[in-house]
Amino acid sequence: MLKLSDLLDRRRFLACTRSGLGAIALASLLERDGLLAGQPEPYDIAIDPAAPTAARRPPGRARAKQVLMIFCSGALSHIDTFDFKPELVKRHGQPMPDPAARVTFQGENGNIAQPLFRFRPRGECGKMLSDLLPALGELADDWCFIHSMTTKSNTHGPGENCMSTGFALDGFPSVGAWVTYALGTENQDLPAFVAIPDPRGVPQASINNWGAGFLPSVFQGTAFNADKPIRHLLPPRSLARGEDAAVRELIARLNDEHLRRFPEDSELLARINSYRLAARMQLSVTEAADLSRESRTVVREYGADCRDNPTKASFARNCLLARRLLERGVRFVQLFNGAYAMGEGVGNWDGHRKLEPQYRKHAAILDQPAAALLRDLKRRGMLQHTLVVFCTEFGRMPMFQKGASGRDHNPLGFTCMLMGAGVRSPMSFGATDELGYKAVQDTVTIHDFHATILHLLGIDHRKLSVYHNGIRRRLTDVHGDVIRQVIS
Amino acid sequence: MKSGGLLLLVVSLLASVAHRTHGAGPRTGTERAASDETAVVHSHTRPALLLELTFDAPSNGVGGTPAGGKRGTDPVQSTGIVAHGPVVRDVPSATARLGRAVRLSGGHLALTPERTATCDAFTIELWVRLDRRPPGIAALYAADQWASGAVHFNVKPNGAVELAINGTDRYPNTGPDVLETGRWVHLAGTYDRRTGRLCIYRNGRAVLQTQLTRTVAVRFPSATIGAWRTGTQPRRVLLGSIDDVRIHTTALPAGAIRRHYLEARGVPLEPIDYASRIRPLLERSCYRCHGPAEQQAGLRLDVRDSVFRGGESGEPAVVPYDSESSELVRRITARDPADRMPPEGPPLSSAQITLVRHWIDQGAVWPDELAGKWPRSRPSSNHWAFQPLAEPKPPLADASFVRGGNAIDAFIFRGLTRAGLAPSPPADRRTLIRRLFLDVHGLPPSPEQIGRFLDDARPDAWIRLVDEVLASPRYGERWASHWLDVIRYGDTHGFEVNTPRPNAWPYRDYVILSLNEDKPFNRFVQEQIAGDQLGVDAATGFLVAAPALLPGQIGKDEASQRQARSDALDEILVTVSEGLMGITLHCARCHNHKFDPFTQKDYYRFVALFAGVQYGERPIRPGGASYAPATRIFGGTFHAPEPTFRLYRGDPMQRRERVAPDIPSLFGSLGLESTTPDPQRRLALAEWLVSSNNPLTARVIVNRIWQHHFGQGIVRTPSDFGKLGARPTHPELLDYLAGELIRNGWSLKHVHRLILTSNTYRQSSRPRPQALAVDREARWLWRFPPRRLDMEPIRDSMLAVSGVLDSRMGGPGFSVFKPNDNYVRVYEPLETWGPDQWRRMIYVHRVRMERDGVFGEFDCPDAGQPAPQRARSTTALQALNLLNSSFVHQQAELFAARIRNEAGADADRQLDRAFLLAFGRVPTDTERTAARRVLNTFGLPAVCRALFNANEFLFLP
């Protein structure tokens, strides 16, 4: 029996990396002629085709090892949740002073509308947060609020693309794909990067949020949730006992025969290895997704037993799944709250028409389970090495839309939050103007936000790049500054 | 001067007052609402000056100061027009103060002289700021009666300025883009009857000098500024502001006009010396970051070329004669500290700023001996890919590999020899036929085809087989997929809604058909750019192959609208420039290309070639051949082109100068104007793309062909032949193949045949340890590089082997997702399968983002960004999909049924047949024993499933 370790010494797999994975790592080419003089030298990430997601040491000092990204799809209103603006109450019913606010994404707007939920001080820090998400608000002392987020599009699809890939266009690698490309993962028996879609469906930019873009497929997020396991994880039930094992054995035999004709071929070896990995994954994913092992108390704390709100219970199970995956070393977990558009504000946070009743409905799904997950991570000491990112694609406007009681898209200023490993808390960074309309102080771009996430993982965003069609592509395009102030 | 003395003009004003504040630019001008007033204008007695209209209010203190700080409390309102102007003043020469102007928002100034002046020569000068380009001709100055000697000074819709004198032989104009919108421009026209000379000046510089053959004396009767008043309705209405109109009765020399311009700007006439006054200032304040040691943003202020061309931003730091357009001035005067230069320390003093401004407005005279040199300021155009095609001769070598082969082998052999390598022996016939079929058809050969080839003893058996394979329609079905990857073809729109694009498929069929009929590649290129003009409607699906936002997904605000259009045009540019030319012009969208000699202006000129193209579908006119009847094509709709501007930092809200459609200046010019209509733009591009002046098109396509045969191109970055791309491993071979393509009527099949019949292609793929140690990737092709198949041949092969492949060609695609009609499409993969899904993968409905639930995991591109090369990764999910999906289980059952049908009940015959169908060979003894065990216990389908999962099934040998 051939042993992989005998055949794949390190020097060789470095050499075959480039052929095995196509043109993804042409760093050496780019250095030629000193063309990139003055630019930081990109990481030369060596990927073993037989174990492409093997853990790789972070190039810099890592404050966090894992990431939990909670993504509220549909544009969660900062005005009604985290960004307290007393001026809105005073100027309720008055027209917006800035004429540019007259026509926005959906068209004409009406007057300034005060927050739809009451704000009160939370935590020891006394941060003013609204009654909409009280349980998440109770964690005020653990959050680092970034109130000056901005993005490049006011359309959901491109907006989600921006938040997840740094680019408004389709087809770019997601932040999770970049992270697993750089770092691999600790547990080879589980996917390196898991995307957990909302029980109601995939988010608005769907697979783009966890896509690999022009990176190899292996870095794409594997999408499954508590209700919908990985497709094709297990053989059909109709199979005879022992048949699956026998088929795998035969495959191994055929492959051994074939390998004799192509000794040392790294792609062939990688495929042989992938069948072993698949077998282990069947066991470990099944185990990780088995929520029956959780105690009743935990289930109740998350709200996974909630009978009168099945969507909430289902989202709570996703939260439990997220914790179990993180516990088992999955590098990047993306947890979605909110699905694709199925009527304005019905499936997600897109509150154009009747924001208040819609938001009450969504908040009931999000608040308790997500807060329980964060408390649980904290209790188990997992926040020591897990970075939590709470985000949405953009914010909402301080005024109502004309003839409606909801708010239009606002890419000019919104709030995202960080928590956990390496993050300063309690902290409020940046600010929108007195109406919450535009970021005016310490403006943060999506690129700054991503640069900071990578930085906390020990990655210099300027150096993490792959060559694609003439450009050394980065998650942060050619921009981005680490927000030093939010780092503890 | 025939008319002297007192001249009384009655000026009726239907206009409003505007500020002309040159320093702060048009953005800070303040304007008042229209008023309808009449003012009496006094005359003067200077012989040379016939008329002077200024609109400066005396001593109101605002003239010449930036109005930015005065918004909302404009003193114009209180001073009014009747009280203070317009006046004609008695001045020794035409000096003007920068001050208020008149905004002619649809109004005009009527000039009624006491009597008509007649003269042999004249100069008309004025300041004008267009609000927008006129839809037709607009009058700056127009004599009311169009009689002999009448003068009309006009603006054309394309920004050209015309000086027409009734009775002369022609009405000369400057050509487009002399007047832009939103900026104050000084215009002057001169005419002299005696010399016939007519000149037009813009900002003190001649933009037109011409000679008239028939001349007349000119007359200044009643006339109008801002419209042509003939009859009751004013025509040719100018939308904009004017100021300081003067008519002189001599043709002023260029120097005088230049002086008027500079004086109006407050620029001293005494030349400012660069060496003693400008350089020290820049040295002190700027060189630290933009000098010899450091060149932030790619800008070196001590090198003239870099300054005039600009740094990475594409914004010239200095535009001679035009401080207002000079980025240097904008940055040293910026109010926003984040924008202002120098970034640290106090801003430049106003005296320093004025000095720089004046130096630029004087022409930014920078002596040659101080020009400085910095190679990076202008990326080299010596790059190999931009050179004309060479005509290399295949090198001679006395080796059987070369003697028995063709020119390709000669080039490859030389490369091998230089690398200290030797070629591999030929592969056996079984391997060869399997390689050929999987490579060219994406399907395995049938046992019968294998048998025939093995038995063919003729010396040209291989060549015959190659010809047969290239003649098969399966060829086009496989190779079309490579082309669709390059241009990210999809059957949905992408982005959030990702709804179907139901009439995209005729383009896919057009590609298959074109490849199969070996349409000359030059014709193929031209049709894809301008098929609507060439009777091949489906071909233009190429232009709009990219994802697109639907109108409902675009914000109603102007910024969103412009951004979406700008993105849509960028996608077209990417498709054409990367796909056909192998250049990364899109890198110059926000700044000059950092490595290749393409400027930002080049980018926007190229964009302008497509300014008439909108995403959308149109009817297919009958005539074009197709595999299935099609009535409509998502191939773009064509309109009058919108104007194209260079965008500062790529921001659609920050328009700069208007640009005319063109190819990158490195390659010359198409000679189009910014008014050239749409089809002419695309036709000109199409013609140039395949002309002998373009070295790229042929090189790029032969490299793509090579890449798909050998796994890697001669240039390993197939859509980037620029400086950051890979260099060719075999540059002469690349040029040889490109030459072969052109010499053979651009026949792609000729190039395929050349490659497939080479010894290089026919080598064994077996590894050789010594060669592996030198060249693991086989870049020098010491063997045929084996590799995993793409997802399409994997799925197609499975269907072919199981015997259910539906080989029907063309027509709408089949779906591998459950039906869904939510307005935002949701794509749930199918779980049960039937004959509807058993067509070849090229006919699948290509959904962007979402990939086939079973095979997509095999590095299927998501049609978001171009994928000229696919990654080849190996994942556990691939294994799970092939092991457990209902698709593969069903195919294994069907495969087993076929074997039972063809081989009967005997287990050994069944296994022979199964291996022959799947691998093209019978099993070895070891394999037979292992397979028998599974067959006996679990039945034939279990064996079939194992065969579908085996490496041998998925590999190109």
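Below, chain A is the first sequence line, B the second, and so on; all start at residue 1.
- With a threshold of 4.5 angstrom between heavy atoms, A:Arg253 approaches chain B through side-chain atoms but not through N, CA, C or O.
- Within the 4.5 angstrom heavy-atom criterion, only side-chain atoms of B:Tyr823, from C-beta onward, approach chain A.
- When heavy atoms are compared at a cutoff of 4.5 Å, B:Thr875 approaches chain A by way of both its backbone and its side chain.
- Only the side chain of B:Phe955 comes within contact range of chain A, with heavy atoms under 4.5 Å apart.
- Heavy atoms closer than 4.5 Å to chain B are found nowhere in A:Ala339, neither backbone nor side chain.
- With respect to chain A, the highest number of heavy-atom pairs below 4.5 Å among B:Pro718, B:Gly856, B:Pro767, B:Ala931 belongs to B:Pro767.
- For the pair B:Arg872 and A:Glu267, the salt-bridge criterion is met [side-chain N within less than 4.0 Å of a carboxylate O].
- Ion pair B:Arg848/B:Asp862 not flagged as a salt bridge, since none of the NZ, NE, NH1 or NH2 atoms sits closer than 4.0 Å to an Asp/Glu carboxylate oxygen.
- Interface remark: B:Glu578 contributes side-chain atoms only to the contact with chain A (heavy atom separation under 4.5 Å).
- The line from CG of A:Asp350 to CE of A:Met342 is 12.0 Å long, rounded to the nearest 0.5 Å.
- Salt bridge B:Asp859/B:Arg851: absent, no basic N to carboxylate O contact under 4.0 Å.
- Contacts between B:Ile583 and chain A at a heavy-atom distance below 4.5 Å are absent for every atom of the residue.
- Heavy-atom distances place the side chain of A:Gln282, and not its backbone, under 4.5 Å from chain B.
- Residue with the most contacts toward chain B among A:Glu160, A:Glu249, A:Arg280, A:Gln220: A:Gln220 (heavy-atom pairs, distance under 4.5 Å).
- Considering only heavy-atom pairs separated by less than 4.5 Å from chain A, the leading option among B:Gly939, B:Ala942, B:Cys590, B:Cys860 is B:Ala942.
- Neither the backbone nor the side chain of B:Gln561 has a heavy atom closer than 4.5 Å to any heavy atom of chain A.
- Between B:Arg945 and B:Glu893 there is no salt bridge, since no side-chain N of the basic residue sits under 4.0 Å from a carboxylate O of the acidic one.
- Using a cut-off of 4.0 Å between Lys/Arg side-chain N and Asp/Glu carboxylate O, B:Lys556 and A:Glu108 are scored as not salt-bridged.
- Proximity to chain B is limited to the backbone of A:Leu234, based on heavy atoms less than 4.5 angstrom apart.
- For A:Ala205, the part sitting under 4.5 Å from any heavy atom of chain B is the backbone (N, CA, C, O) and nothing else.
- Chosen from A:Val478, A:Asn208, A:Asn161, A:Asp244, the residue pairing most often with chain B at heavy-atom distances under 4.5 Å is A:Asn208.
- Of the listed residues B:Pro868, B:Ala867, B:Gly494, the one with more heavy-atom pairs under 4.5 angstrom with chain A than any other is B:Pro868.
- The residue among B:Gly555, B:Ala863, B:Gly864 with the most heavy atom pairs within less than 4.5 Å of chain A is B:Gly555.
- Using a cutoff of 4.0 Å between basic side-chain nitrogens and carboxylate oxygens, B:Arg716 and B:Glu777 are scored as salt-bridged.
- Of the atoms belonging to B:Asn951, heavy atoms from both backbone and side chain fall under 4.5 Å from chain A.
- Side-chain atoms of B:Ser566 and B:Arg589 form a donor-acceptor pair, as typed in the model, at a separation below 3.5 Å.
- With respect to the salt-bridge test (charged N to carboxylate O, under 4.0 angstrom), the residues B:Glu850 and B:Arg825 do not qualify.
- Counting heavy-atom pairs closer than 4.5 Å to chain A, the top-ranked of the candidates B:Gln553, B:Arg766, B:His586 is B:Arg766.
- Among B:Pro547, B:Ser560, B:Pro769, the residue with the largest count of heavy-atom pairs under 4.5 Å with chain A is B:Ser560.
- Both the backbone and the side chain of B:Asn881 have a heavy atom closer than 4.5 Å to some heavy atom of chain A.
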Checklist line | Stepwise ring-ring contact (aromatic ring centres under 6.0 Å, His included) test for A:Phe394 and A:His156 | finding: CA-CA 8 Å; A:Phe394 36 72; A:His156 292 295; 5.4 Å; yes
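- Interface remark: B:Asn949 contributes backbone and side-chain atoms alike to the contact with chain A (heavy atom separation under 4.5 Å).
- Ion pair A:Lys152/A:Glu393 not flagged as a salt bridge, since none of the NZ, NE, NH1 or NH2 atoms sits closer than 4.0 Å to an Asp/Glu carboxylate oxygen.
- Within the 4.5 angstrom heavy-atom criterion, only side-chain atoms of B:Glu571, from C-beta onward, approach chain A.
- Ring centers of B:Phe887 and B:Phe855: under 6.0 Å apart, within the cut-off.
- Both the backbone and the side chain of B:Pro866 come within contact range of chain A, each with at least one heavy atom under 4.5 Å from a heavy atom of that chain.
- Contact check on A:Lys228 versus B:Glu828 returns a salt bridge, with a Lys/Arg side-chain nitrogen under 4.0 Å from an Asp/Glu carboxylate oxygen.
- Both the backbone and the side chain of B:Ser765 have a heavy atom closer than 4.5 Å to some heavy atom of chain A.
- The aromatic rings of B:Phe948 and B:Phe953 sit tilted, their planes meeting at an angle between 30° and 60°.
- Ring pair A:His258/B:Phe919: centre-to-centre distance not below 6.0 Å.
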